[in-house]
Amino acid sequence: MASLIPCPHCGSRPKEEFVVKGAAIPRPAPDAGADAWFGYVYLRDNPRGPYDEFWHHTSGCRRWLIVTRDTVTHDIYASRDAAKIGEATP
Amino acid sequence: MRFSALSIILNGLSGNTNWSAHWRRPEPKPDYDVVIVGGGGHGLATAYYLAKIYGVQNIAVLEKAYVGSGNVGRNTTIIRSNYMLSENNPFYELSMKLWEGLEQDFNFNAMVSQRGVLNLFHSDAQRDSYTRRGNAMRLHGVDADLLDRRAVQSLYPFLDFANARFPIQGGLLQRRGGTVRHDAVAWGYARGANGYSVDIIQNCEVTSIRTSNGKAIGVETTRGYIGCGKLALAAAGNSSRVAAMAGLKLPLESHVLQAFVSEGLKPFINGVVTFGAGHFYVSQSDKGGLVFGGDLDGYNSYAQRGNLATVEHVAEAGKAMIPALSRLRVLRSWGGIMDMSMDGSPIIDRGHLDNLYLNAGWCYGGFKATPASGYCFAHLIAKNEPHETARAFRLDRFRRGYIIDEKGQGAQPNLH
């Protein structure tokens, strides 16, 4: 893992301040149907390479972030506030 | 070549110059009846039982690196069948029984050592939970003994019984659990499969899967195209990637798990001991090094290395259980990529194509399952129906709501 994670609110911070949640997948609408919910809860792309993940800046601003991270090199390409989920990766 | 006391003496007398290679290094043939993707413990065991028990001939095992380079050589070598759920227990007990006869079966010294696996408990609630698990094990015909504090003290006097936060109240002991030399498992299965004319093709990475009319017809590899009658995937941490080549999205995440070995010590820890108040498990290898591990690093990873923060965490948990570890020097640490499933239990099932078979989702319990995984997967491939102990490990259980969540953790793979 990279030693630093860029937080859009706090700047570059040590990764120990953050907790990872996992795949940043947009939550389906409540009435989206069983297939959409099954995919959301259980299925993962699990790529070898860049991946959008939820990280929580628990020891900082306590905002949820979407961090784009490479799962092989652990390079971090981008991070943004989780409120921007659904928008294209910058 | 068979190993026996006589063969060892005779080869010793001739200066050990007449041993032959344990398996061939064949060029891939244009096609095989069964192609197994992944030459780890599970893939090799599958090939071995497929040839030996189910009489299938013309099998290839494709390994992207070399035999023993993946998780089969990266685990902490523990075997046990101390599972509670009725979907899991008979399967892991089958595995334990296969371990017990394995060395005679494949004529290779895998150093199977049933030295006991002890899970410590630290509170009344945890004791109740372990009692329940022990009772469930006994109902399945598996050995389990609940030890009180004094009994644990007589086994392992150096544990931190008076720990202010997590005093040790006792433990659940499975005496038939223990350790196995992990590399020898890979070598033994590879050698055994080779003896049944299985082609073990190393340095052969699958790059794509060719399909036609709802069937897999072959795989493109770094060593050329190989046709297949049946395609079996046992790619562990890379399962999602290989399945994606066939257009299948899996309920898996790949995570890194670290393991450690210390400098060699005189005999210190006789069996396997696990900490109940944190995630830490330790045993002592026959060379004397303490072999231990802890939690996943927590983030998705395909890199076979971990973080220092986790190293520190594991060391803290270890020291909380055995204070004497503070004076221990760690020799090596390494990481392996776990195929973490969404309920913490594996998948042994047919895929979405007619002749595609899937063996994945072993989380960090894959090593102990190696024999049964191979046996049951071979059964599925040969007969097109699941082995009776592996019926629950279906791919569609997530959609249908029949998850097998031993830890009660939910669909959060990094917590299983």
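What you are looking at is a predicted structure, and each value in this text was computed from that prediction instead of being measured. Lettering follows sequence order; numbering is per chain, from 1.
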message: A:H9 vs A:D81, test: side-chain hydrogen bond (donor to acceptor under 3.5 Å, both in side chains). Steps then yes/no.
response: CA-CA 8 Å; A:H9 308 293; A:D81 195 276; 2.6 Å; yes
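- When B:S301, B:A411, B:P413 are compared by the number of non-hydrogen pairs under 4.5 Å with chain A, B:S301 comes out ahead.
- Using a 4.5 Å cut-off between heavy atoms, A:D45 contacts chain B through both its backbone and its side chain.
- Proximity to chain B (any heavy atom under 4.5 Å) is restricted, for A:K15, to the side chain, taken from C-beta onward.
- Only the side chain of B:R241 has a heavy atom closer than 4.5 Å to any heavy atom of chain A.
- Looking at B:L415, neither its backbone nor its side chain comes within 4.5 Å of chain A, counting heavy atoms on both sides.
- At least one test fails for B:R394 against the ring of B:Y402: distance under 6.0 Å to the centre or angle within 45° of the axis.
- Here the side chains of B:N414 and B:Y299 are not in contact, with every heavy-atom distance at 4.5 Å or above.
- Using a 4.5 Å cut-off between heavy atoms, A:S3 does not touch chain B at all.
- Proximity of the aromatic rings of B:H279 and B:Y364 is defined here by a centroid distance below 6.0 angstrom, and this criterion is met.
- Contacts of B:Q412 with chain A are made by side-chain atoms alone, with heavy-atom separations under 4.5 Å and no backbone atom involved.
- Note: B:S254 leads B:A244, B:G298, B:S254, B:S239 in heavy-atom pairs under 4.5 Å with chain A.
- Within the 4.5 Å cutoff, the side chain of B:K407 has no heavy atoms near those of the B:D343 side chain.
- A:H57 is listed as a side-chain neighbour of A:C10, based on a closest heavy-atom distance under 4.5 Å.
- When each of A:Y42, A:Y51, A:W37 is scored by its heavy-atom pairs under 4.5 Å with chain B, the top score falls to A:Y42.
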